[in-house]
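Structure first, then comments.
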Amino acid sequence: QVQLVESGGGLVQAGGSLRLSCAASGRTFSSYARGWFRQAPGKEREFVAATSGSGGTKYTADSVKGRFTISRDNAKNTVYLQMNSLKPEDTAVYYCAATGQTQGLWGRGSYDSWGQGTQVTVSS
């Protein structure tokens, strides 16, 4: 089991930037794929971005493409989500997740370890 802890959320004005971090501990493997999802009030949890274990393959949702970038530092067992040009519609709780699978990284069901989430609020 992998334990995940997110940090870096907060309140930011539209057009601003935030960087989320997700530190892993416990049974960690650098080969594990990692993903970011978000959930706004009254909505389902949706895919944001994912990276393969090596970091060589990345996926990004169309809604954030060109604004958000996922990266990872395996030496620190940490994955990051750099969020630029934030919009009010990006407001949500952001969750990181981990999986030993290599396929379907945009699907919630592919992940078996989740963090507790960090709130991101973008004011207009």
Worksheet item: Does the pair Arg108 and Glu44 meet the rule for a salt bridge (charged side-chain N to carboxylate O under 4.0 Å, His left out), with working shown?
Response: CA-CA 10 Å; Arg108 287 178 298 170; Glu44 291 193 355; 3.7 Å; yes
Discussion item. Test ring pair (Phe, Tyr, Trp, His ring centres under 6.0 Å) on Tyr95 and Phe37; report intermediate values, then the result.
Written reply: CA-CA 5 Å; Tyr95 298 88; Phe37 290 76; 8.9 Å; no
Discussion item. Between Gln116 and Glu6, is the side chain to side chain contact (heavy atoms under 4.5 Å, CB included) condition met? List the steps.
Written reply: CA-CA 7 Å; Gln116 82 290 349; Glu6 303 97 335; 2.9 Å; yes
Item to complete: Using the side chain to side chain contact (heavy atoms under 4.5 Å, CB included) rule, take Thr91 and Gln119 through it: C-alpha gap first, then chi angles, then the decisive distance, then the call.
Response: CA-CA 8 Å; Thr91 294; Gln119 176 71 47; 4.0 Å; yes
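Using a 4.5 Å cut-off between side-chain heavy atoms of Ile, Leu, Val, Met, Phe, Trp and Tyr, with links allowed through other members, Val64 and Val120 fall into the same hydrophobic cluster. Placement of Val93 and Val122 in two distinct hydrophobic clusters is found when ILVMFWY residues are connected by side-chain heavy-atom separations under 4.5 Å, directly or transitively. In the hydrophobic cluster analysis, where Ile, Leu, Val, Met, Phe, Trp and Tyr join through side-chain heavy atoms closer than 4.5 angstrom, Val79 is grouped apart from Tyr32.
No donor-acceptor pair under 3.5 Å is formed between the side chain of Arg67 and the backbone N or O of Gln82. Looking only at distances, a side-chain donor or acceptor of Ser52 sits under 3.5 Å from a matching main-chain atom of Thr57. In terms of modelled atom types and a separation under 3.5 Å, the side chain of Lys58 and the main chain of Ser71 share no donor-acceptor contact. Panel note: side chain Gln39, backbone Tyr94; no donor-acceptor pair is recorded below 3.5 Å. No donor-acceptor pair closer than 3.5 Å links the side chain of Gln13 to the backbone N or O of Ser123.
Note that CG of Leu81 and CH2 of Trp36 are 6.0 Å apart. Values are rounded to the nearest 0.5 Å. Note: Thr121 OG1 to Asp90 CG = 11.0 Å, rounded to the nearest 0.5 Å. Atom-to-atom distance recorded for Ser17:OG and Leu86:CG is 6.0 Å, nearest 0.5 angstrom. The distance from the OG atom of Ser63 to the CD atom of Glu46 is 5.5 Å, given to the nearest 0.5 Å. The distance from the CG atom of Leu4 to the SG atom of Cys22 is 4.5 Å, given to the nearest 0.5 Å. Between atom OG of residue Ser113 and atom CD of residue Gln3 there is a gap of 7.5 Å, rounded to the nearest 0.5 Å.
Asp112 and Thr99 form no side-chain donor-acceptor contact under 3.5 Å, judged by distance and modelled atom types alone. If you check the side chains of Arg19 and Tyr80, you find no donor sitting under 3.5 Å from an acceptor.
Residue pairs meeting the ring-ring contact (aromatic ring centres under 6.0 Å, His included) criterion with at least one partner in residues 53-79, sequence neighbours excluded, are Tyr59-Trp106. A salt bridge (Lys or Arg N to Asp or Glu O under 4.0 Å) check over residues 70-83, counting only residues at least two apart or in different chains, returns nothing.
Taking both residues in full, the closest heavy atoms of Ser124 and Pro88 are given as CB-CG, 3.8 Å, listed atom of the first, atom of the second, then distance. Across Tyr111 and Ala50, no two heavy atoms sit closer than the pair OH-CB, 3.5 Å.
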